[in-house]
Amino acid sequence: MKVLTVVGARPQFIKAAMVSHEFQQRDDIEEILVHTGQHFDRNMSELFFEQMTIPRPRYNLGVSGGSHTVMTARMMLGLETVIQEESPDLVLLFGDTNSTLAAALTAVKMRIPIAHVEAGPRSRSLKNAEEANRVCTDHLGSVLFAATESGLRNLAEEGLGERAFLVGDLMYDAFLHYSDVVDSETFQPVLVSIDGNPIEIPPHYCYLTCHRSENTENLNALSEILLAASALPYPVIYPVHPRALDLARDVVSCCKLDSIVLAEPVGYLESIFLTKHAAHVITDSGGVQREAFFAKVPCTVPMTIFVWPEIMVDGRCVLVPPERGKIESVLNRTQRIDDDYLPFGDGRAAGRIVDVLSGCSEEVL
Ligand code: UDP
């Protein structure tokens, strides 16, 4: 079987890495990797391919920037040519980015079946930029892989239960696998400030990531979040997504937030290291939220919507509107850890995904 995997953004490289490694163990599936170009900076793309030994993409469409519509349309044009050239049996997609939606629309128009990994999360708000991408892709998909029970339930409620498989979360696979690397004494995390200086990681710190459009479209939300974080009694390490860089720099310098350390985006291994050793995580990233949960580090999510209900338990992850006072009021809570509570599977999602794909009947293909 020939599988065309389409990736474009940081979290997709991580998920695709785990499935690609599994494909390499089997001889019944040939994988062709396509990078749309959505994330293109070295620290947002190349570094992940190196750290996670992801095979080089055969195609890079070089599509980045522009409005959501322009980006999606240009990706579709590029993908049509690739699909014509490769005639895959299946298109494999991850998550909820513009690259995911563009590939889903192109594949369905060209009558190529779609397998969608991380199907089922729902914010139930179309104001959330990713919601349309995930809902449309799930409804166009022939095989849907849910990471959690709640995702599976959402798919069933939308009449998609018969094509859905509960496999666990690839982010958990990756976290367990790469924890061995970052826990080893030889691992040296590399962190660089936005001014190009090396950053030494302090013994106590908060790891902060913030890039959702809801929080970075204007100064308001981001300044509330950074002001709240700066009230913590230890430094805050914030590797800044390129989308938020200008705004973050402005807020930190205008409000003189000396405890906030602005860094270049870090590699996956550094991100896992920072999460595991943090006193607290503040993030609007779906991936970092789950990683804080895996690492048993308390996490505060300054958002009004969420898609991973399973982590919002026992004070472990708390959703709070992006308002300074409200954020500050939850930062010093205690969490309760139930070691038997493992809602993201057992770290073997990739194997299950590839088993299902290998067994896909002629009917699906
Ligand atoms: N991440 C990273 N470097 C960073 C920030 C995040 O490697 O500077 C990792 C993080 O550990 C997680 C993934 O990127 O595995 C999450 O990606 P992102 O926050 O861009 O997307 P989301 O998960 O919100 O879709």
Side-chain angles (χ1 to χ4, degrees), residues 7-18 38-52 54 64 93-101 117-118 121 123 128-131 133-134 137 147 169-179 181-182 189-194 199 201 205-216 236-245 248 261-278 281-295 297 299 301-303 305-308 311 317 319 344:
V7 292
R10 178 166 70 183
Q12 293 170 324
F13 307 142
I14 299 162
K15 291 160 204 165
M18 303 318 288
Q38 187 175 340
H39 283 173
F40 56 90
D41 296 356
R42 177 176 154 70
N43 282 20
M44 297 289 291
S45 175
E46 186 71 24
L47 189 54
F48 291 80
F49 285 80
E50 286 169 16
Q51 288 192 337
M52 306 187 84
I54 308 170
S64 65
L93 304 177
F94 300 88
D96 53 19
T97 69
N98 288 338
S99 300
T100 317
L101 179 64
V117 178
E118 212 173 87
S123 67
N128 168 224
E130 291 82 10
E131 183 75 352
N133 297 346
R134 51 176 92 92
T137 305
D169 188 1
L170 286 175
M171 296 300 264
Y172 190 42
D173 289 24
F175 178 86
L176 292 179
H177 182 79
Y178 288 98
S179 281
V181 180
V182 306
V190 179
L191 255 80
V192 178
S193 78
I194 56 167
I199 296 173
I201 301 175
Y205 62 90
C206 168
Y207 178 35
L208 185 144
T209 79
C210 190
H211 73 282
R212 290 260 93 75
S213 57
E214 290 92 323
N215 284 334
T216 56
V236 176
I237 300 180
Y238 176 13
V240 195
H241 191 290
R243 175 197 285 172
L245 183 58
V261 182
L262 298 180
E264 294 281 341
V266 294
Y268 175 70
L269 297 178
E270 280 78 8
S271 183
I272 293 296
F273 182 94
L274 286 169
T275 302
K276 290 182 93 148
H277 296 277
V281 170
I282 300 178
T283 188
D284 59 10
S285 155
V288 178
Q289 280 168 48
R290 269 130 73 214
E291 287 161 354
F293 178 87
F294 305 152
V297 173
C299 175
V301 176
M303 299 272 290
I305 55 113
F306 64 99
V307 295
W308 299 103
I311 62 177
C317 183
L319 185 79
F344 293 96

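Heavy-atom basis, side chains included; hydrogens, waters and symmetry copies ignored. When a ligand or atom number is given, it counts from 1 through the structure's own listing order.
- Under a 4.0 Å criterion applied to the non-hydrogen atoms of S271, ligand 1 contributes the atoms 1 (N), 2 (C), 3 (N), 6 (C), 7 (O), 9 (C), 10 (C), 11 (O).
- Checking V266, I237, I14, T209 against atom 3 (N) of ligand 1, the nearest heavy atom belongs to V266.
- For ligand 1 and V288, the ligand atoms under 4.0 Å from any heavy atom of the residue are 10 (C).
- Taking distance alone, with nitrogen or oxygen atoms compared against 3.5 Å, D284 stays at or beyond that limit from ligand 1.
- Side-chain contact, S99 with Q38: a donor N or O sits under 3.5 Å from an acceptor N or O.
- Near S285, meaning under 4.0 Å from any of its heavy atoms, are these atoms of ligand 1: 16 (C), 18 (P), 19 (O), 22 (P), 23 (O), 24 (O).
- Interatomic distance, Q289 CD to C317 SG, rounded to the nearest 0.5 Å: 5.0 Å.
- When all heavy atoms of A244 and Y238 are compared, the pair lying nearest together is CB-OH, 3.7 Å.
- Put simply, the residue from V301, I305, D284 that forms a side-chain contact (heavy atoms from CB on, under 4.5 Å) with R212 is D284.
- Between Y207 and V266, the shortest heavy-atom contact is OH-CG2, 4.2 Å.
- Looking at H211 against ligand 1, only its side chain comes within 4.0 Å, counting heavy atoms.
- For M171, the closest heavy-atom approach to ligand 1 falls below 4.0 Å.
- Distances between N or O atoms of R212 and those of ligand 1 include at least one value under 3.5 Å.
- Regarding atom 5 (C) of ligand 1, its nearest protein heavy-atom neighbour is R10 NH1, 3.3 Å.
- In this structure, a donor-acceptor pair under 3.5 Å is absent between the side chains of T209 and S285.
- Those atoms of ligand 1 that come under 4.0 Å of a heavy atom in F48, given as number and element, are 2 (C), 7 (O).
- Taking every non-hydrogen atom of G267 and a distance limit under 4.0 Å, the qualifying atoms of ligand 1 come out as 7 (O).
- N133 places a side-chain N or O within 3.5 Å of a backbone atom of D96 that can act as its donor or acceptor partner.
- Neither the backbone nor the side chain of F273 has any atom closer than 4.0 Å to an atom of ligand 1 (non-hydrogen atoms only).
- Rounding to the nearest 0.5 angstrom, the gap separating the CD atom in E46 from the CZ atom in F13 is 10.0 Å.
- Considering backbone and side-chain atoms alike, E291 places an N or O below 3.5 Å from some N or O of ligand 1.
- Which parts of ligand 1 touch P239 is read off a 4.0 Å heavy-atom cut-off, strictly below it: atoms 8 (O).
- Between the side chain of D41 and the main chain of N43, no donor-acceptor pair closer than 3.5 Å is present.
- Ligand 1 places these atoms under 4.0 Å from at least one heavy atom of G287: 22 (P), 23 (O).
- Nearest protein heavy-atom neighbour of atom 21 (O) of ligand 1: P11 CG, 3.4 Å.
- Counting atoms of ligand 1 from 1 in the listed order, those under 4.0 Å from a heavy atom of Y268 are 7 (O), 15 (O).
- Although no hydrogens or angles enter the test, the distance criterion places no donor-acceptor pair under 3.5 Å between the side chain of R10 and the main chain of M44.
- Although no hydrogens or angles enter the test, the distance criterion places no donor-acceptor pair under 3.5 Å between the side chain of E270 and the main chain of P189.
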